[in-house]
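Lettering of chains follows the sequences in order, A, B, ..., and the numbering in each one begins at 1. Treat the numbers as computed from the prediction; the structure is a model and nothing was measured.
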Amino acid sequence: MIQLLARRVVVLVPVLFFMSVIVFAILRLIPGDPVDVIVGAEQVDPQVRQALRAELGLDLSLPEQYARWVARVLRGDLGRSVRSRDDVLALIADKFPKTLLLAVASAAVAVLVALPLGIVAALCRNTLADYGAMLFALLGVSIPNFWLGILLVIAFSLQLAWLPSQGYASLVAQPAQALKHLILPALTLGLAMAGVVTRMVRSSVLEEIGREYVRTARAKGMSERTVVWKHALKNALIPTVTVVGRQFGTLLGGAVGVEQVFSWPGIGWLAVQAIFARDYPIVQGVVLVVGVFFVLVNTVVDILYTVLDPRLRVA
Amino acid sequence: MVTRVFLRNRLALVGGILVGLVVLAALSAPLLARQDPLAMDLGARLRPPSAEHLLGTDQFGRDVFARIMYGARISVKVGLVSVGIALGCGLPLGSISGYVGGALDHLIMRIMDAVLAFPAILLALALVAALGPDITNVMIAIGIRYTPIFGRLARAAVLAEREKEYVAAARALGLSSPWILVRQILPNCLAPLLVQATASLAQAIIVEASLSFIGVGTPPPTPSWGTMLFEARGFIERAPLVAVFPGLAICLAVLGFNLMGDGVRDLLDPRLRVELGPGASGAMVLAPSRASR
């Protein structure tokens, strides 16, 4: 087990290194002088320009710039916003939990929808229920989530006036209000994810109920309910855990569009505001934090997968 | 079984028809749309569908039907060019990585892992933010993000082929490594890449639409479906239909490419056929890439 953990961590190091290079490169990809792009057409004192250039590290050679930037990042210093002068890490720390809340709620929606749907589809294979579930799954992966969000707003906020169309409330201070605001964005992201998960649940249940141990259990005279619920399903859920974990990272990316639809003040919203303000330290900070989080979640999922499935430990 | 096969083919057929319609709209937009997609008519803003404006008008009085027809051009172009970039970079990088092996393989694959580690929309967003909001940069950004998906597939295919006897025979004949890789091995690796390319077209269309919807993709007034939704957002209370039609267009195009992807998979590579039922591209797309859209 320790060996496995160590191996996973060793694999992470070069990936994190190259990720840092990519994030570092974002500012350097700007055609021309990044300072010109950031200050725009404003008439700015040459001293201010020089100070900004020094703050962004643009007055050094590229390797020096990278070394200084990485050293700062490792100390937890992601720089300051070039507009508001706020600390980037503090900004992210404020917004990230809001996106995380949305992602967790969406994953919950996805699992609650996909598990029963996938199981029913597999057990009633080639029936109308199966085709219905697969049609739902197909639509789930084909509908852009921000458009689904707009449709839900039109239906539930504008036409029926049941739920607020945008905004956010703190789960601690105003729990009822917070839940009302959470429902539509979580449904939007969750239903899209449910499409992928439904397919996975269906295919892994089908795979398990075709296996020999299931045939043996049936031959022993075990009731169909016990065979399915006690034996097959347990094993079928292992790959499902992996898909849910992997999709969780994807939710953070998908949240960028959905946060725009619902004016949800999360990390995607922060990134888009920063892009419009040409506030590159914030853009870099968000991409780095989300990327690293994504990699760590995937690593945990991989480890979890190995823990859940003892056969993989030997391999 | 026969019904299943029929159903699956029928779904692929539906996919083919949808894709055909999108391509037709893209190619013959000037013929199909009676109005100019950029012509404003401030006296006819946010009109409902009528004989004159089949799908109504937007906030500047522009014909929504004409804009959707011309929008198909952007989606098809972005899909083809960005997947072309991803395939054009991923195939050589992945196959060299798999064929040469060793340190070079490690280096290339770790860089690819790093690119894949970022959620697609976020990385594309950051790249477009740096390069500038412009359709070419959108295609480059999507192309870069999808390169590792093709790279990994190409590498896996080359690794499997490399050990086969015909390669050993080619080596024994004294053929050079580049010749063996390009002329002998690669033709046998194309099937999974083609399958992935069809599936990626659908994803590229969604990413472009997302970027444009956020406001950093195709800049207005160019009629892109995502940009139309971005502009329509401010008017959904007065005219919800303006936000419905462009989304429907994206949805049908993506559905078409997804269904066609399943069909191409069944046609080209029976080994990849997954027992998932009708229209099941998800697992196949997920498995090699590890991270999805």
Side-chain angles (χ1 to χ4, degrees), chain A residues 14-19 21-23 26-27 29-31 121 125-126 130-131 134-135 137-139 141-144 146-147 150-151 153-154 158 195-196 199-200 202-203 206-207 243 246-247 249-250 252-254 256-257 260-261 268 271-272 275-276 280 283-284 286-287 290-291 294-295 298, chain B residues 3-4 7 11 106-107 110-111 113-115 117-123 125-132 202 206 209-210 213-216 226 229 232-233 236-237 240 243-244 246-248 250-252 254-255 257-259 274-283 285-286 290-293:
Chain A
V15 174
L16 289 174
F17 166 72
F18 286 117
M19 284 173 74
V21 173
I22 292 169
V23 175
I26 290 173
L27 184 69
L29 276 176
I30 300 172
R125 197 174 167 198
N126 293 341
D130 183 16
Y131 295 142
M134 285 302 98
L135 183 69
L138 190 62
L139 289 178
V141 293
S142 300
I143 295 180
F146 56 89
W147 185 58
I150 293 177
L151 293 184
V153 166
I154 292 174
L158 300 178
V196 180
R199 282 177 169 179
M200 194 66 217
R202 179 182 181 275
S203 71
L206 275 180
E207 202 181 317
V243 169
R246 294 245 158 79
Q247 285 292 309
T250 313
L252 297 178
V256 179
Q260 296 306 304
V261 176
V272 173
I275 285 170
F276 287 133
Y280 291 99
V283 178
Q284 284 181 301
V286 170
V287 175
V290 172
F294 194 34
V295 171
N298 277 352
Chain B
T3 345
R4 256 184 96 72
L7 190 71
L11 281 170
H106 269 288
L107 179 72
R110 290 301 83 76
I111 295 175
D113 286 346
V115 175
F118 299 101
I121 291 177
L122 196 67
L123 185 64
L125 194 71
L127 288 173
V128 174
L131 297 169
I206 287 194
S210 305
F213 172 72
I214 289 164
V216 298
L229 284 174
R233 253 188 80 202
I236 52 172
E237 282 180 42
V244 170
L248 205 57
I250 303 172
C251 205
L252 291 178
V254 172
L255 190 66
F257 279 110
N258 273 338
L259 288 174
V274 191
E275 263 304 304
L276 277 177
S281 64
V285 178
L286 274 173
R290 293 189 132 212
S292 68
R293 293 184 266 167

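- Atom CD1 of A/Ile143 and atom CG of B/Leu255 lie 9.0 Å apart (nearest 0.5 Å).
- A side-chain donor-acceptor contact under 3.5 Å links A/Trp147 to the backbone of B/Ala243.
- A/Phe146 CZ to B/Ile121 CD1: the interatomic distance, rounded to the nearest 0.5 Å, is 8.0 Å.
- For the pair A/Val290/B/Pro119, a side-chain contact is recorded, criterion being any heavy-atom separation below 4.5 Å from C-beta on.
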Worked check of side chain to side chain contact (heavy atoms under 4.5 Å, CB included) between A/Leu138 and B/Leu259: CA-CA 9 Å; A/Leu138 190 62; B/Leu259 288 174; 3.4 Å; yes
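- Closest non-hydrogen pair, A/Val153 versus B/Ile236, comes out as CG1-CD1, 3.9 Å.
- Annotation: maximal heavy-atom pairing with chain A below 4.5 Å, among B/Val128, B/Leu252, B/Asp113, occurs at B/Asp113.
- The line from CD1 of B/Ile206 to OG of A/Ser142 is 7.0 Å long, rounded to the nearest 0.5 Å.
- In terms of heavy-atom proximity, B/Arg110 sits nearest to A/Pro14 at CD-CG, 3.7 Å.
- When all heavy atoms are compared, the tightest approach of A/Phe276 to B/Ile214 is CZ-O, 3.4 Å.
- For B/Ala117, the parts sitting under 4.5 Å from any heavy atom of chain A are the backbone and the side chain alike.
- Of the two parts of A/Val283, only the side chain, counted from C-beta on, holds a non-hydrogen atom closer than 4.5 Å to a non-hydrogen atom of chain B.
- Proximity of a side-chain donor or acceptor of A/Tyr280 to a complementary backbone N or O of B/Ala130 within less than 3.5 Å is not detected.
- To the nearest 0.5 Å, the span separating CG on B/Leu125 from CD1 on A/Ile275 amounts to 3.5 Å.
- In terms of heavy-atom proximity, B/Arg233 sits nearest to A/Gln260 at NH2-O, 2.8 Å.
- For A/Val261, the parts lying under 4.5 angstrom from a heavy atom of chain B are both the backbone and the side chain.
- Chosen from A/Gly253, A/Ala137, A/Gly195, the residue pairing most often with chain B at heavy-atom distances under 4.5 Å is A/Gly253.
- Heavy atoms closer than 4.5 Å to chain B are found in the side chain of A/Leu151, but not in its backbone.
- Results of the side-chain contact (heavy atoms from CB on, under 4.5 Å) test with B/Phe118 over A/Leu252, A/Val295, A/Ile22 single out A/Ile22 as the only residue that passes.
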Check against side chain to side chain contact (heavy atoms under 4.5 Å, CB included), B/Phe213 and A/Val256: CA-CA 10 Å; B/Phe213 172 72; A/Val256 179; over 6 Å; no
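- For the atom pair CD1 (A/Ile150) and CG (B/Leu229), the distance works out to 5.0 Å, reported to the nearest 0.5 Å.
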